[in-house]
Protein chains: 2
Amino acid sequence: MHHDSLHALLVKEKLSLTRPRRIIFDLLLHKDPQSMQVLISRAANKVDRATIYRTIELFERLGIVHRLNIGWKYKIELSDLFVGHHHHFHCNQCGATHTLQANPMLETMIDTVAAKENFSPRSHQLEIHGLCGQCAGQPA
Amino acid sequence: MHHDSLHALLVKEKLSLTRPRRIIFDLLLHKDPQSMQVLISRAANKVDRATIYRTIELFERLGIVHRLNIGWKYKIELSDLFVGHHHHFHCNQCGATHTLQANPMLETMIDTVAAKENFSPRSHQLEIHGLCGQCAGQPA
DNA sequence: GATATATTTGCAAATTTGTCGCAATTATAT
DNA sequence: ATATAATTGCGACAAATTTGCAAATATATC
Ligand SMILES: [Mn+2]
Ligand SMILES: [Mn+2]
Ligand SMILES: [Zn+2]
Ligand SMILES: [Zn+2]
């Protein structure tokens, strides 16, 4: 159960799995990356705005979520700990965001490139922009 | 001259290279990624806040700049059209941002991965997080 | 270079987004 | 069940971003 891992991560820091934290986590589970505004409106009457900001900040610090550069404002999604590692493809035409499964060869190369410069990589984010299959077919 | 390419990109869209646009472009040239706030304060008394937002939005639409996820807030930098294509490494410890020269092998693989899923990649962004050489040496 | 036309800017106000203090509530430990 | 520490909701704030519109500036034409 995902809630168990979440609970474990929190307990390790002497923090507790509260109702608001569970609600926010559930909003993120199995969903595409969401903007703060969407999260806030989806949690309306359940969790306060301030708590959502505080929780996302906490979750990010613990590596439970991370934020993405899609469009003008950022979006939040669960980290690799909860959904398999993946990258994103964003269509410039229709605005759709697709998931790209992680490719072992590519992952290795990314770490290698960083190591070559004497860095110790811990995580990374790759966003590809262009045209999706649909949009590439039709004229603009 | 970089201003010529900038001018060409604007003219193609029936837009003009105005004083504020040139000033903002120059602020970005040869500089590390900058936050909106820094851009606003650096352009103080020269370009209005609203104009900076409008210009960055325009530049982004035309592919002249793109935004980066570095830490909590995003930053703006010139796109590959004006500075060589590169990636970023961000140190979780000291907060420094380093440039990673583009690696031909890696670049090819990124495009291949996207193409395999029937996407037509036009650009991409890779951000690596971890510890820099300095910080990896010393204990936390 | 002067004039006409369309675009762009600055300004100030409005809206949206993100933060903070603190009393009341909720979670863990005993 | 009680004690203790962590967490939340609720304003009130503060910061960031957007907008309408009259004035200023750029391009096209004469
Ligand atoms: Mn990866
Ligand atoms: Mn690249
Ligand atoms: Zn598309
Ligand atoms: Zn460092």
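Just so we're on the same page: letters track the sequence lines, and every chain starts at 1. These numbers come from a predicted model, not from an experiment.
Distance, B:Asp48 CG to C:dT9 P: 10 Å, rounded to whole Å. The separation between B:Arg21 atom CZ and C:dT8 atom C1' is 6 Å, rounded to whole Å. Put simply, NZ on A:Lys73 is 11 Å from C1' on C:dG18, counting in whole angstrom units. Between A:Leu17 atom CG and D:dA5 atom C1' the separation is 17 Å, expressed in whole Å. A:Lys75 places its NZ atom 16 Å from the C1' atom of C:dT17, with the value rounded to the nearest Å. A straight line from CZ of A:Arg19 to P of D:dT8 spans 11 Å, rounded to a whole angstrom. Following rounding to the nearest Å, A:Leu10 (CG) and C:dT26 (P) show an atom-to-atom distance of 19 Å. Rounded to whole angstrom, the span from the CD atom of A:Glu57 across to the P atom of D:dT8 amounts to 13 Å.
The side chain of A:Leu15 approaches D:dA6 more closely than any other nucleotide in the set C:dT8, C:dT9, D:dA6.
Of the residues listed (A:His98, A:His88, A:His90), the one engaging A:His129 in a ring-ring contact (aromatic ring centres under 6.0 Å, His included) is A:His90, and it is the only one.
Remark: aromatic rings of B:His124 and B:His87 are close, center separation under 6.0 Å.
Taking only side-chain nitrogens and oxygens, A:Thr18 never comes nearer than 4.0 Å to OP1 or OP2 of D:dA6. Not one side-chain nitrogen or oxygen of A:Tyr53 sits closer than 4.0 Å to the OP1 or OP2 atom of C:dT19. Between A:Tyr74 and C:dG18 there is a side-chain polar atom (N or O) within less than 4.0 angstrom of OP1 or OP2. Neither OP1 nor OP2 of C:dT16 sits under 4.0 Å from any side-chain N or O of A:Gln37.
In terms of heavy-atom proximity, A:Lys75 sits nearest to A:Ser35 at CG-N, 3.8 Å. Scanning all heavy atoms of the two residues, the minimum distance from B:Ala43 to B:Ile52 falls at CB-CD1, 3.7 Å.
The base of C:dG18 lies outside donor-acceptor range of the side chain of A:Arg54, with no N or O pair under 3.5 Å. Residue-to-nucleotide contacts include no donor-acceptor pair under 3.5 Å from the side chain of A:Arg49 to the base of D:dG9.
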inquiry  = Set out, in order, the CA-CA distance, both residues' side-chain angles and the distance that settles side chain to side chain donor-acceptor pair (under 3.5 Å) for B:Asp80 and B:His66, then state yes or no.
reply    = CA-CA 9 Å; B:Asp80 302 351; B:His66 59 85; 4.6 Å; no
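Each of B:Met36 and A:Pro20 lies near DNA chain D, and the nucleotide nearest A:Pro20 is the one positioned closer to the 5' end. With DNA chain C read from its 5' end, the first of the two nearest nucleotides for A:Ser16 and B:Lys14 is the one closest to B:Lys14.
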